[in-house]
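Beneath this line is the structure, given in structure tokens, with notes to follow.
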Amino acid sequence: MKRVAILISGGGSNMLALLDSMAEAGHPATPCLVASNDPEAAGLARAAARGVATDAVDHRPFGKDRAAFEAELQALIAAHDADMICLAGFMRVLTAGFVTPWSGRMINIHPSLLPKYRGLHTHARALEAGDAEHGCTVHEVTPELDDGPILGQARVPVKPGDTPEILAARVLEMEHKLYPAVLRRFAAGDRRPVWLP
Ligand code: GAR
């Protein structure tokens with residue numbers, strides 16, 4: 001059984017989808033911690049309501065000292081004996097100092113069809129480019145931002161009249177299917193990508 005730490009920054013809808021899936025019989029992973037860089041993140045209360053350990057390491061007091069922030073986050077995750085990390089809407093960029101020791105054991109969901117649109121504002125960028133389709137990607141985390149081996153992708157159509165918000169909601173619905181599907185495989189040691197729908 002793989003012990004999974006989930007890192008969030010906001011509402012945590014992907015985190016909840018992961019918790020739901022890990023509650024299914026025969027799942028190869030179990031949640032050991034939901035942590036955030038924002039003590040007010042709404043997802044923390046949602047995870048606690050499901051009986052999962054929660055904590056926060058507020059990044060703000062650390063200012064520009066990313067290494068000190070990451071050391072505290074690492075200590076928290078180690079204290080919960082995690083085997084792997086799922087980034088689920090975690091909006092801090094992690095440096096190589098944090099990422100490298102977790103190589104092959106940390107995955108992330110990103111709201112674009114990587115390698116397109118690394119970084120922020122992915123939905124607006126897909127619309128501006130006139131893309132006919134958009135989607136989300138789960139990938140292994142490497143020190144390069146939104147890079148690393150692709151473990152799964154889900155596609156959605158871009159429709160006439162889409163705004164970034166409408167498109168984001170369509171993608172998010174697929175994120176909730178893709179991330180659990182990838183975690184189930186990955187936690188069982190299977191790195192073959194998942195393609196949805
Ligand atoms: C999701 O759309 C996720 O893909 C995105 O943030 C949202 C979090 O929603 N992640 C990133 O942009 C990472 N760079 P959630 O808190 O409801 O899961």
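Reckoned from all heavy atoms, side chains included, excluding hydrogens, waters and symmetry mates.
Cluster annotation: V4 is connected to L16 through the hydrophobic network of ILVMFWY side chains, with a link wherever side-chain heavy atoms come within less than 4.5 Å. By the rule that hydrophobic residues join a cluster once side-chain heavy atoms approach within less than 4.5 Å of another member, M91 and V99 end up as members of separate clusters.
Between F90 and I85, the closest side-chain pair of non-hydrogen atoms is not below 4.5 Å. Under the 4.5 Å side-chain criterion, counting only non-hydrogen atoms from C-beta, T137 is not in contact with N108. Between E133 and V156 the shortest side-chain heavy-atom distance does not fall below 4.5 Å. Side chains of L33 and T54 form no contact here, defined as non-hydrogen atoms less than 4.5 Å apart.
The CG atom of L18 lies 6.5 Å from the CG atom of N14; values are rounded to the nearest 0.5 Å. In this structure, Q74 CD and F98 CZ are separated by 5.5 Å, a value rounded to the nearest 0.5 Å. The distance from the CD1 atom of I150 to the CD1 atom of I107 is 13.5 Å, given to the nearest 0.5 Å. Expressed to the nearest 0.5 Å, how far CG of L113 lies from CD of Q153 amounts to 5.0 Å.
Judged by distance alone, with hydrogens and angles left aside, the side-chain atoms of R125 form a donor-acceptor pair with the main-chain N or O of R118 at under 3.5 Å. Counting only distance, with no hydrogens or angles, the side chain of R3 and the backbone of H80 share a donor-acceptor pair below 3.5 Å. No donor-acceptor pair under 3.5 Å is formed between the side chain of R170 and the backbone N or O of E165. Listed for the S112 side chain is a donor-acceptor partner under 3.5 Å among the backbone atoms of Y117. One N or O on the side chain of R105 and one on the backbone of P101 form a donor-acceptor pair closer than 3.5 Å.
Between D131 and K116 there is a salt bridge, with a side-chain nitrogen of the basic residue lying less than 4.0 Å from a carboxylate oxygen of the acidic one.
Note on ring orientation: taking the six-membered ring where Trp is involved, the planes of H59 and F69 are perpendicular (angle over 60°, cut-offs 30° and 60°).
Sorted by first and then second residue, the ring-ring contact (aromatic ring centres under 6.0 Å, His included) pairs with a member in residues 17-42 form an empty list; sequence neighbours excluded. Residue pairs satisfying the ring-ring contact (aromatic ring centres under 6.0 Å, His included) criterion with at least one member in residues 134-164, sequence neighbours excluded, are listed as follows: H123-H134.
Looking at M22, K2, R184 one by one, the single match for side chain to side chain contact (heavy atoms under 4.5 Å, CB included) with P28 turns out to be R184. Here the rule is side chain to side chain contact (heavy atoms under 4.5 Å, CB included) with L87, and of I8, L94, V138, I6 only L94 fits it.
Taking each heavy atom of T142 and P149 in turn, the nearest pair found is CG2-CD, 4.2 Å.
Under the 3.5 Å distance criterion, with hydrogens and angles disregarded, no donor-acceptor pair is assigned to the side chains of S9 and D38.
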